There are 2 protein chains.
Amino acid sequence: MARGAAQQTAHHTHNHKACIEDALTTARDLCAERGVQLTPLREKVLQIVWKSHKPVGAYDVLDELARSHKSARPPTVYRALDFLMAEGFIHKIESLNAYLGCVEAGAPHSGLFLICRKCGATEEIADPKLEAALDQASKRAGFQAERRVVEISGICAQCAA
Amino acid sequence: MARGAAQQTAHHTHNHKACIEDALTTARDLCAERGVQLTPLREKVLQIVWKSHKPVGAYDVLDELARSHKSARPPTVYRALDFLMAEGFIHKIESLNAYLGCVEAGAPHSGLFLICRKCGATEEIADPKLEAALDQASKRAGFQAERRVVEISGICAQCAA
DNA sequence: TGGCCAATGCTACACTATAACAAAGTTCCC
DNA sequence: GGGAACTTTGTTATAGTGTAGCATTGGCCA
């Protein structure tokens, strides 16, 4: 699963380095606030997940991590991913068994994802109205919703053009 | 993963045998219409998936299938599951890596699922308004939606009571 | 009767994820 | 500063999910 350096963005070329820096800074700040540790290992994993706007598999993270961290093993990666998810810094894309940096880090939340099956770029969109509609639908069925998984696959605007 | 005979329904006790029979009859009719083969193997797998209203893992299907079909292997099961999904008779629940009988077999479609994390019962609900809202949201992002995964986990009405 | 196609058999393997226990590092209190 | 409690990481092994690739069978029909 080679994920090249080019074509990393969801919509157009942009300064992706700034994306990564934003994500890392936000994570550092939030961890400080919360009194939890963004250890070098965890930070490195977060950086790897943020290398592109495409969901990345745990074993791809492991391969990349192992270059700087020879002792890395599957549990190393999964523990870091679990931490990052618990803090709301990344999401798991269930339909791909892969992980994606969260653009709205802060409150842990369920996102809504648009996944391009051609280029792999995945966009997280926030749509309060839609979220409310989902909660409505649950409530109507007498169901206490706790977690939402909403993943839409198809062709992104760039690939369609 | 013991899935008992009791407590099989999403909402209340009901004649689950009728559920299964309905599903099998519908599948037989549709396959005849479409000129595809609902072989004994595929029918058996469909029946196993329909044993309850809880999503069932592929390897649980395999265990059950092997009782009557000694040569069954993972590919046996996955091929049958793929066929049944392609024909719209079952759904895959991505967040559980498990499969569930479709209550609205016929047109292949993406469902919306309410998954109880306590009893496992999973209800498929149809909500055209919500589906339209999801399509709207995609379109607004210039995205051509092809497949939807919508899975809501929480506590069902029965378990809450 | 031979060629084609769909379905199944079968072996092996790839990919995803966790259990369980050991070791090292951190915090905080006295 | 010593040490208990806790968090994080190391390490080995294994469980769980899914597919590749080729062989075999059986029906259809030209």
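In what follows, chains are A, B, ... by sequence order, proteins preceding strands, each numbered from 1. Everything numeric in this text was worked out from a predicted model, so none of it was measured.
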Note to self: Does anything in residues 144-161 of chain A form a salt bridge (Lys or Arg N to Asp or Glu O under 4.0 Å)? List the pairs, not counting sequence neighbours.
What the structure shows: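 Output for this query lists A/Glu94-A/Arg147, A/Glu131-A/Arg148, A/Asp135-A/Arg148, A/Glu146-B/Arg117.
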Item checked: Terminal axes of the helix from C/dT1-D/dA30 to C/dC30-D/dG1 (five pairs each): angle between them, nearest 10 degrees ->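 Inter-axis angle at the termini of the helix from C/dT1-D/dA30 to C/dC30-D/dG1: 10°.
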Checklist line | With sequence neighbours excluded, residues passing side chain to side chain donor-acceptor pair (under 3.5 Å) with B/Asn97 | finding: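 With sequence neighbours excluded, B/Asn97 shows a side chain to side chain donor-acceptor pair (under 3.5 Å) to no residue whatsoever.
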Check: Between B/Ser52 (side chain) and B/Trp50 (backbone), is there a donor-acceptor pair under 3.5 Å?
Finding: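 No, B/Ser52 side chain to B/Trp50 backbone: no donor-acceptor pair under 3.5 Å.
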Item checked: Members sharing B/Ile155's hydrophobic cluster (side chains within less than 4.5 Å) ->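 So far as hydrophobic clustering goes, B/Ile155 is joined with none.
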Kindly say if [X] contacts the phosphate of [N], meaning a side-chain N or O under 4.0 Å from OP1 or OP2.
X       : N      : value
A/Lys92 : C/dT16 : no
A/Tyr59 : C/dT16 : no
B/Tyr99 : D/dG18 : yes
A/Asn97 : C/dC15 : no

Next item on the list: Mark up nucleotides 3-11 of chain C, 5' to 3', with B wherever a protein heavy atom is under 4.0 angstrom from a base atom, S wherever such an atom reaches only the sugar-phosphate, and - elsewhere.
Entry: ---SSBBBB
Check: Can you name the residues that form a salt bridge (Lys or Arg N to Asp or Glu O under 4.0 Å) with B/Glu43, not counting sequence neighbours?
Finding: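 Applying salt bridge (Lys or Arg N to Asp or Glu O under 4.0 Å) to B/Glu43 gives B/Arg28.
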Can you list, pair by pair, the side-chain donor-acceptor contacts under 3.5 Å of residues 63-79 of chain B, counting residues two or more places apart and other chains?
residue, atom, partner, partner atom, Å
B/Glu64, OE2, B/Lys51, NZ, 2.9
B/Ser68, OG, B/Leu65, O, 3.3
B/Thr76, OG1, B/Arg73, N, 2.9
B/Thr76, OG1, B/Arg73, O, 3.1

Checklist line | All pairs passing ring pair (Phe, Tyr, Trp, His ring centres under 6.0 Å) where residues 111-148 of chain A contributes a residue, at least two apart | finding: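 Found A/His91-A/Phe113.
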Measure all distances between protein nitrogen or oxygen atoms and nitrogen or oxygen atoms of nucleotides 3-5 of chain D, and list the pairs falling under 3.5 Å.
none

